[in-house]
There are 2 protein chains.
Amino acid sequence: MRLVIARCAVDYEGRLSAHLPMATRLIMVKRDGCVAIHADGGAYKPLNWMNSPNVVVEAPGRWMVTNPKGEQLIITIDEVLSDSSHELGVDPGLQKDGVEAHLQELLAGACHTLEDGMILVRREHRTEIGPVDLLCRDASGRAVAIEIKRRGEIDGVEQLVRYLEFMERDPALRPVRGMFVAQVIKPQAKTLAAERGIICVEVDYDALRGIERAQTSLF
Amino acid sequence: MRLVIARCAVDYEGRLSAHLPMATRLIMVKRDGCVAIHADGGAYKPLNWMNSPNVVVEAPGRWMVTNPKGEQLIITIDEVLSDSSHELGVDPGLQKDGVEAHLQELLAGACHTLEDGMILVRREHRTEIGPVDLLCRDASGRAVAIEIKRRGEIDGVEQLVRYLEFMERDPALRPVRGMFVAQVIKPQAKTLAAERGIICVEVDYDALRGIERAQTSLF
DNA sequence: GTGTATATCTCGGGG
DNA sequence: CCCCGAGGTATACAC
């Protein structure tokens, strides 16, 4: 990784046009070629950047970064205050826990906790308009479309409504019930769900992990 | 701005749990206190971070960063390879051009290009639920609500559907047609739009700018 | 402050 | 490769 502190002006031409007047900034160049220009504030987002794949052409006082889509980043350098390179090696990467994917995984293996007698048909059931998280059958054999969110907000309910609308056309599924599952569901979302006949279920992530652990330990 | 190259492990506990095993990385600390841990690849997004406002407590071999929401970032440092600080000053900031606002401006002045005989009534027409980008009348005098996006995706169609629902209640407007305009419209969005009786129009930004230039040069 | 709409979103997965 | 959905989305702006 190369770190350059320099007085520079930057122009980006691509999906939009953006211009940075001359000032002192950090220019970060990573091994994959991506370039980011950082100011001394404003969260982690750089002021300007160009992701890889790209080509960096470095002339005195002027860097030109271009990518295959024809986007261009031009850095005009007035003065270099510091220029250092560091060997970082390959990063082992981030381990995440607690995201929606894991919640879906847990619920796929324990959908009876959502409702007595519920049985999983498949995950990521495809409709014309996108994939439903879980397709199940309830105790009476009726199809249930389940949308899972970490946080239950109104757009999640709208998403499920769309899926239901298209699934209702499938004679093999019709009639389809809807179920909206999240760790926390906002009042707004509950109201809309109730209006659309969709059942809301709030689940406890840690409790579900407990169930998983208990089930695993049986074998 | 402080730049530290160090062998470190990082743990984040907050909206999720995330762990970074020990490896060599860049730790960037900006003047507003925000901390970002970068690997030598992977676009501009850091592996882990904590935005301001936060509090950084630095002990030997262990940094603890906490924010008012109770989220916590713990950096365990094995070895510091480089540690430098730089005075950058306040950044004059980024100037942007070419976003959705400009597209709306161009189309407001050339809505006949969307459909023959279309006339602008007003921009940002207020409904109970938010402003519609353009309100027009078609050749037959019927009201047309137009939603403009740079990229036409499904939530843009949903947005327009909501507006139409409320506009239909206004006797002075009813019945209202819907038109969804973007440079590119995704298949999913087209499907939903068709379902809702909304017309999709894809427009060429550069061609529109050409029309604007031609019109301007007449005066 | 809360909610809404945008973003050069970024990032990952699946066809 | 594009399409699609999630994100510790972040960020700006309206109310």
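What you see below is based on every heavy atom in this structure, not just the backbone, and it leaves out hydrogens, waters and symmetry mates. Naming: A, B, ... by sequence-line order, numbering from 1 per chain.
Between B:Arg162 and C:dA5, a side-chain N or O to OP1/OP2 separation shorter than 4.0 Å is present. Applying the 4.0 Å criterion to OP1 and OP2 of C:dA5, one finds that B:Tyr163 has a side-chain N or O inside that range. Considering only side-chain N and O atoms, B:Gln188 lies under 4.0 angstrom from the phosphate OP1 or OP2 of D:dG5.
If you measure from atom CG of B:Asp155 to atom C1' of C:dA7, you get 12 Å, rounded to the nearest angstrom. Taking atom CG of residue B:Asn54 and atom P of nucleotide D:dG8, one finds them 18 Å apart after rounding to whole Å. Distance CD (A:Glu71) to C1' (C:dT10): 14 Å, rounded to an integer number of Å. In this structure, B:Asp133 places its CG atom 11 Å from P of C:dA5, rounding to the nearest Å. Going from atom CZ of B:Phe166 over to atom C1' of C:dT4 covers 14 Å, rounded to whole Å. For A:Lys69 and D:dC1, the NZ to C1' distance is 11 Å, given to the nearest whole Å. The CG-P distance, from A:Leu103 to D:dA6, rounds to 12 Å in whole Å. Look at CG on B:Asn48: it is 14 Å from P on C:dC11, rounded to the nearest Å.
A:Ile129 comes within 4.0 angstrom of sugar-phosphate atoms only, judged by non-hydrogen atoms across all strands, and of no base. Using a 4.0 Å heavy-atom cutoff across all strands shown, A:Glu147 reaches sugar-phosphate atoms only and no base atom. Residue contacts for A:Gly14: at a heavy-atom cut-off of 4.0 Å it reaches no nucleic acid atom on any strand shown. If you check every strand for non-hydrogen atoms under 4.0 Å, B:Glu153 touches nothing.
Atom name C1', nucleotides D:dG8 and C:dG14: the rounded distance is 25 Å, in whole Å. Across the P atoms, C:dT8 and C:dT4 are found 22 Å apart, a figure rounded to whole Å.
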Sequence-aligned protein contact record of nucleotides 9-15 of chain D, with B where the base is within under 4.0 Å of a protein heavy atom and S where only the sugar-phosphate is: SSS---S
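The closest side-chain heavy-atom distance from B:Val29 to B:Val4 is not below 4.5 Å.
Scanning for salt bridge (Lys or Arg N to Asp or Glu O under 4.0 Å) contacts around B:Lys186 gives B:Glu153, with sequence neighbours left out. Annotation: ring pair (Phe, Tyr, Trp, His ring centres under 6.0 Å) contacts of A:Trp63 (sequence neighbours excluded): none.
Residues B:Leu47 and B:Lys186 each lie close to DNA chain D; by heavy-atom proximity, the contact nearer the 5' end of the strand is made by B:Lys186. Taking the nucleotide of DNA chain D with the nearest heavy atom to each of A:Glu128 and B:Ala18, the more 5' of the two is matched to A:Glu128. The residue among B:Pro131 and A:Met50 whose nearest nucleotide of DNA chain C lies closer to the 5′ end is B:Pro131.
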Evaluation steps, salt bridge (Lys or Arg N to Asp or Glu O under 4.0 Å), between B:Lys190 and B:Glu202: CA-CA 11 Å; B:Lys190 282 183 185 170; B:Glu202 288 174 312; 3.7 Å; yes
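Atom CG of B:Leu20 is separated from atom CG of B:Asn48 by 5.0 Å, given to the nearest 0.5 angstrom.
When distances are taken from the side chain of B:Pro187 to each of C:dT8, D:dC4, D:dG8, the shortest belongs to D:dC4.
Classified by interplanar angle (parallel below 30°, tilted 30° to 60°, perpendicular above 60°), the ring pair B:Tyr44/A:Tyr44 is tilted.
Within 6.0 Å of CZ on A:Arg2 lie more than 12 heavy atoms contributed by other residues, nucleotides or ligands.
Residues B:Pro21 and A:Gln95 come closest through the heavy atom pair CG-NE2, 3.6 Å.
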